[in-house]
2 protein chains.
Amino acid sequence: MRLTTKGRYAVTAMLDLALHGNEGPVSLADISGRQDISLSYLEQLFAKLRRNELVTSVRGPGGGYCLSRDLGDIYVAQIVDAVNEAVDATGCGGTSTCQQGEVCLTHHLWCDLSDQIHGFLSQISLANLVERREVQQVSARQDARVGDTTTLVLSQA
Amino acid sequence: MRLTTKGRYAVTAMLDLALHGNEGPVSLADISGRQDISLSYLEQLFAKLRRNELVTSVRGPGGGYCLSRDLGDIYVAQIVDAVNEAVDATGCGGTSTCQQGEVCLTHHLWCDLSDQIHGFLSQISLANLVERREVQQVSARQDARVGDTTTLVLSQA
DNA sequence: CTTATAGTTGACCAAAACAGTTGGTTATTG
DNA sequence: CAATAACCAACTGTTTTGGTCAACTATAAG
């Protein structure tokens, strides 16, 4: 499994979208400002997220991105998968041809691990993250830092 | 967490050592032949494994590498750690300075994931792997392919 | 003592992935 | 039409990956 800043950026951006997307589309410029991620890099990531139908886009002034479905129906694993396009730990990509057409010594081990990681990240939805206290705290700090107008108040939730 | 071929190679090589190391040291050339891993790459990996005290080396003719301790006391997580030297998924390395000196939105998520992966790989020892039926089968196939003289017969275990 | 073996070290290299930039174009709203 | 913001493609610099090569040192067998 590949876990680099790429996947982290994608999940962070999607979480930002979840936190601020309750009133219409959110522009990448806003996300870029709040999360310190390069705008053009975000564009690349969101192209993949859109292709994987995790977000929808609205063009023109006032446009931006929206989550394609409910907070509770988008899982971290899907986001990481979307930007990385290869999320398995086996090396042969599950084809069992690791060593000259046959499985290698540790093939099953990596299969198990893949299942483990994927299972873990598949259980965490954006809704789960939004509910977390630490996420709310960090989000509040960020909104205070940037002059924010469209904040979702979550502390009562 | 970084999980690349590097860690896979290391675990595979260590498992090979576990399977063939019952009678004296095993040369890297042997491992290279059986596991299809470049000899010079193995040298690099074993330098790190040795620095992390997972193996000991014997120089001179008939020399090679031995496991530094019992099969049951070497865990996959330690091997991956040894060659990757940074096994965490956070990006800030656990220092919580992901975003301008503060934790980023998804910091806790990556901490949890790190714990998850590490916990999983920390429970699997070389002894566990050696006991697995698939490992024994693959090993037998490899020994048949290469003209092998020092095979440990494990099928009775 | 010589010699072959095998570990040890470090320099070097090509390809890929990552992170980001530049410079556009299209579509939409006012 | 002008401003906005998504969309797109090409390109750049850096790091990691996976690997080679050459030189050197320690050791054991003969």
Side-chain angles (χ1 to χ4, degrees), chain A residues 1-10 12-13 17 20-21 24-33 35-52 54-68 80 83-87 89 91 93 98-99 104 150, chain B residues 1-13 17 21 24-33 35-52 54-66 68 80 83-87 89 91 93 98-99 104:
Chain A
M1 169 139 188
R2 251 178 302 176
L3 266 184
T4 66
T5 52
K6 201 171 187 173
R8 279 194 287 275
Y9 280 175
T12 303
L17 204 51
H20 297 87
V26 178
S27 75
L28 293 188
D30 285 357
I31 300 180
S32 170
Q35 305 304 334
D36 277 331
I37 306 174
S38 134
L39 176 58
S40 13
Y41 199 46
L42 274 179
E43 286 178 356
Q44 291 177 41
L45 298 181
F46 272 78
K48 296 188 177 187
L49 293 173
R50 201 173 61 93
R51 264 179 251 131
N52 283 267
L54 293 173
V55 296
T56 56
S57 62
V58 179
R59 300 179 84 150
Y65 286 91
C66 303
L67 297 178
S68 65
V80 177
V83 296
N84 274 352
E85 60 231 6
V87 187
C98 341
Q99 188 190 16
C104 68
T150 58
Chain B
M1 165 138 191
R2 253 180 300 175
L3 265 184
T4 67
T5 53
K6 204 171 187 172
R8 280 195 286 276
Y9 281 173
V11 175
T12 303
L17 204 51
V26 179
S27 76
L28 293 188
D30 285 357
I31 299 180
S32 170
Q35 306 303 334
D36 277 331
I37 306 173
S38 137
L39 176 58
S40 7
Y41 199 45
L42 274 179
E43 287 175 357
Q44 290 178 42
L45 298 181
F46 272 79
K48 296 190 177 186
L49 293 173
R50 200 174 62 93
R51 262 179 251 133
N52 283 266
L54 293 173
V55 296
T56 56
S57 62
V58 179
R59 302 177 82 146
Y65 285 92
C66 303
S68 66
V80 177
V83 297
N84 274 353
E85 59 232 10
V87 186
C98 340
Q99 189 189 17
C104 67

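Letters A, B, ... are given to chains in the order of the sequence lines, protein chains preceding strands, and every chain is numbered from 1. On a predicted model such as this, the values are computed, not experimentally measured, just so you know.
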Quick one: label [X] by what it contacts on the DNA or RNA (base, sugar-phosphate, nothing), any heavy atom closer than 4.0 Å.
X       : value
A:Tyr65 : sugar-phosphate
B:Ser40 : base
A:Tyr9  : sugar-phosphate

With a 4.0 Å limit, can you tell me whether [X] has a side-chain N or O closer than that to the phosphate oxygens OP1/OP2 of [N]?
X       : N      : answer
A:Tyr41 : C:dT22 : no
B:Ser27 : C:dG7  : no
A:Arg50 : D:dC8  : yes

Point to revise | Atom pair CG/CZ of B:Leu28 and B:Phe46 - distance to nearest 0.5 Å | key: 5.5 Å
Check your understanding: Say you draw a straight line from OG of B:Ser57 to CG of B:Leu49; how long is it, rounded to the nearest 0.5 Å?
Key ->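 Here the interatomic distance stands at 11.5 Å.
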Review point. Heavy-atom distance under 4.5 Å between the side chains of B:Tyr9 and B:Lys6, does that happen here?
Key: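 No. Closest side-chain heavy atoms not under 4.5 Å.
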**Study point:** Which nucleotide in C:dG7, C:dG23, C:dC18 has an atom nearest any side-chain atom of A:Lys6
**Key:**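 So the nucleotide nearest the side chain must be C:dC18.
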**Study point:** Nearest to side-chain heavy atoms of B:Arg59, which nucleotide of C:dT8, C:dT28, D:dA28
**Key:**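 That would be C:dT8.
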Could you state the [atom1]-[atom2] distance from [X] to [N], rounded to the nearest angstrom?
X       : N      : atom1 : atom2 : value
A:Glu43 : D:dT4  : CD    : P     : 16 Å
B:Arg51 : C:dG7  : CZ    : P     : 15 Å
A:Leu39 : D:dA6  : CG    : P     : 8 Å
A:Leu45 : C:dA17 : CG    : P     : 16 Å
A:Leu17 : D:dA5  : CG    : C1'   : 15 Å
A:Leu28 : C:dA27 : CG    : C1'   : 15 Å

**Study point:** Residue mapping more 5' on DNA chain D - nearest nucleotide basis, A:Gln44 or A:Val58
**Key:** A:Val58
